[in-house]
Structure formats: structure tokens, C-alpha cells
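Below is one structure, written out as C-alpha cells; the observations come after it.
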Amino acid sequence: MRRLPRGGVSRRFDAELLAALDMAYGLRPPAHTWETLPETFRATLELPARIDLAPALLFGARRLLVQLCGWLAARRAGTTAITLHWMHDVMRPKDAGTSGALTVRTAEPMRDVEHLCRLLAEHLARVTLAAPVGDLALTADEVHALHEHSADLIPQASAPREALRLVLERVAARLGPDRVLQPVMREGHRIEWTARWTAWPATPAPAGVRIATDPQPTWLLPKPLRLAVRDDRPLYQGPLQLLVGPQRIETGWWHAAAAAEGDTGGAGAGSGASGVAATHKALRDYWVAANEHAGVLWVYQERFGGDRGGWWLHGIFA
């Protein structure tokens, strides 16, 4: 073909054939057509046989996860939520429905095939199929840009231990999200309201959360403990000496309506601090106190009158 006259080849065929020959012999630079990736990911797979048990779906789901991670790598992104869909066989019970789905979430964006497979396996172990499954589909529900880091040129001699977040994700998938809790910080002057325990993985706290710079205890009591008083001095394993303070807070008045509706905001100590059931308002003077038997404590004086006043132990410094 190359030895034929170029004019005759161009008239009998077209210029694309001559361009291909020139690129094959290095006479012109190659021209590539770049692959355009779809904005969303959805892949399907027809199973070679009908599957009755949910854990067996992992065999086909792994092939879809490999495609997903390739799509994420090309987009330099990671996913925090994927959904595995399955379609029931035509010969199914009437009440089984046509399909089912399982959504898996991760604590942070990732595209690790092995971890996603292990996480999906934990979830599938607790699923019971309503009918035999013949087809699978995988979608990426939440996709985020992934900040990549340079890898080592020389591999490590020994594989590093599995990251804690990966272990917690598998434990939460196995035992249930309500069994693995994570603290999320939020702004507030009442220390019992600054941390809320939510199911793992929790939505991260917004950037710029301001943390108090005053002395804060290492250990916070679940509910403040009322202290006895002698000669206007609080007692806890003996008289307490006030070292640092007072740190005065007057806050929480806006939570009165929420408290009446039964919303404690995830901090049971907020209403129990002064025995008030209808408000979360706090009028406190905090002190760092100590004695030779109890150590360093975090106490406050409630500036309400009557039974709501007095001294309370709220935390212990290590």
C-alpha cells in the first residue's frame, strides 16, 4: 500500500488512509482522540448465574468497583457514598419486588478497591435477598475532589498498619452505626454542648470552630455533681481552695423553647446541670479548685437563686 502512488490512493480511498500510513511510519506525529469521561458513574453487570445469597454478590460487585475506582482515578476524585443495586429474576415471588439496593458510606473520599470491597462485604453479610438476583448495577452517589500526595519511590519494607478510620468503618458496618460514635466539635461556652457524639462517620465540623482558651478539664462528668458548702466554701473530700477564676458565662437562653419540646441537643448535662427541666440557660462562675485529696477540679457556682443555686463539680484535671 505504501508503494502505490499517493495521488491514486487518495482518490480511491481518502486522506485518512494516507495520514494513518504516515503516522505508522513516523512521518507525522500521532493524533489521539481523548476519551471523555461521563459526569456520573453507573455500571451494570449481568451475572453468569442467579444468586440467592447476598454475600455472593460481592463476586460481581468487585468487578464494578474496579471500574468505579478507575473512573475516580481518571477524574482525580474519591467517593464517600456508593449504592449497589440488584435486579431480581423474572421468576420471583409477587411480594419480592423488582429490585433492591444497598448504600455504603465512607468517612472520607477514597478510591481504594480493597477497602471498598471489605466494607461492602460487611454490609452484604447482614442483607437477606427477597428473590434470586440476575443483574447488578453500581452508582457513585457522592464524588469529591481528592487531594493526592506523592508516593514513595521505594516501597516500604513492611506494609503499614491499617488506618484507624478504615477499621472503624468496618466495625460500624458489622455492629451498626449506633455502636461506633465520634465527637464533633461545635462552638459554645457551655462545655457540655461543645462536643456532640454522633454515629461514625460523622459530618466534619465546619472550619474555623473557635475553642475556648480558658482552662478546660481533662475529664468531664456526665452530669455535674452538687457539692456541699461550709462557710461559703465548696467541699469535695475536704475544703476546696479556689485557684483560678472566675470564668463567667451567661448563655443558653435560646434553648428554652427547644427544651420544652424535648430537644436536648445531644447534651444531657445541659438540663441536668442545675436541675432545670424547662430551660438550658446557664449562669455560672467557673473556678479551678484543688485540695490535697481530690486533686485539681473544675467547679462552678450557679448564680440562680433557691434550689438552683450552689456549687457544682463539673470536671477533673488529670
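FYI, side chains are in, hydrogens and waters are out, and symmetry mates aren't considered; it's all heavy atoms of this structure. Bear in mind that the values here come from a model prediction, so they are computed numbers and not experimental data.
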Indicate the atoms forming the closest heavy-atom contact of [X] with [Y], along with that distance.
X	Y	value
P234	L227	CB-CD1, 4.0 Å
G78	L146	N-CB, 3.9 Å
P246	D285	CB-CB, 4.0 Å
L136	G60	CD1-C, 3.9 Å
L221	L313	CD2-O, 3.7 Å
A81	R105	CB-NH1, 3.5 Å

With a 4.5 Å cut-off on side-chain heavy-atom distances among I, L, V, M, F, W and Y, is there a chain of contacts connecting [X] to [Y]?
X	Y	value
L220	V288	yes
L47	M87	no
L64	V133	yes
L53	V127	no
V244	I249	yes

Find the distance between [atom1] ([X]) and [atom2] ([Y]) and round it off to the nearest 0.5 Å.
X	Y	atom1	atom2	result
E142	T106	CD	OG1	8.5 Å
H314	L297	NE2	CG	13.0 Å
H123	I82	NE2	CD1	9.0 Å
H144	L72	NE2	CG	11.0 Å
L45	Q67	CG	CD	8.0 Å
L119	D112	CG	CG	11.0 Å

Minimum side-chain heavy-atom gap [X]-[Y] below 4.5 Å:
X	Y	answer
L129	D52	no
Y286	V299	no
I316	P217	no
V104	L84	no
L102	L57	no
L240	W287	no

Counterpart residues, side-chain hydrogen bond (donor to acceptor under 3.5 Å, both in side chains), relative to E114 (two or more places apart): R62

Test side-chain hydrogen bond (donor to acceptor under 3.5 Å, both in side chains) applied to R63 - qualifying residues, sequence neighbours left out: none

Donor-acceptor contact below 3.5 Å, side chain T79 vs main chain V143: no

Expected output: side-chain D89 to main-chain A131 donor-acceptor under 3.5 Å: no

Residues in side chain to side chain contact (heavy atoms under 4.5 Å, CB included) with [X], at least two apart?
X	result
P239	R233, L235
F59	none
P48	none
A24	none

Partner set under salt bridge (charged side-chain N to carboxylate O under 4.0 Å, His left out) for R126, not counting sequence neighbours: none

Side-chain hydrophobic cluster, 4.5 Å single linkage: members besides L18: M1, L4, V9, F13, L17, L21

Hydrophobic cluster (4.5 angstrom, side-chain heavy atoms) - remaining members for V66: V113

Please output the side-chain donor-acceptor pairs of residues 171-181 that fall under 3.5 Å, not counting sequence neighbours, one pair per line with the distance.
unit_1, atom_1, unit_2, atom_2, d
R174, NE, E122, OE1, 3.0
R174, NH2, E122, OE1, 3.4
R174, NH2, E122, OE2, 2.4

Chi angles and distances behind the side-chain contact (heavy atoms from CB on, under 4.5 Å) call for W86, I51: CA-CA 10 Å; W86 55 84; I51 293 180; over 6 Å; no

Enclosure of Q241 CD (heavy-atom neighbours >12, cutoff 6.0 Å): no

CZ (F41) with more than 12 external heavy atoms under 6.0 Å: yes

Salt bridge (charged side-chain N to carboxylate O under 4.0 Å, His left out) partners of residues 39-49, not counting sequence neighbours, each pair once: E39-R75

Where at least one partner belongs to residues 4-20, residue pairs that pass salt bridge (charged side-chain N to carboxylate O under 4.0 Å, His left out), sequence neighbours excluded: R6-D22

Verdict with reasoning, L138 to L65, per side-chain contact (heavy atoms from CB on, under 4.5 Å): CA-CA 8 Å; L138 183 69; L65 286 173; 3.7 Å; yes

Single hit among T80, T83, T40 for side chain to side chain donor-acceptor pair (under 3.5 Å) with D141: T83

Polar side chain donor-acceptor pair, S99 to H85, under 3.5 angstrom: no

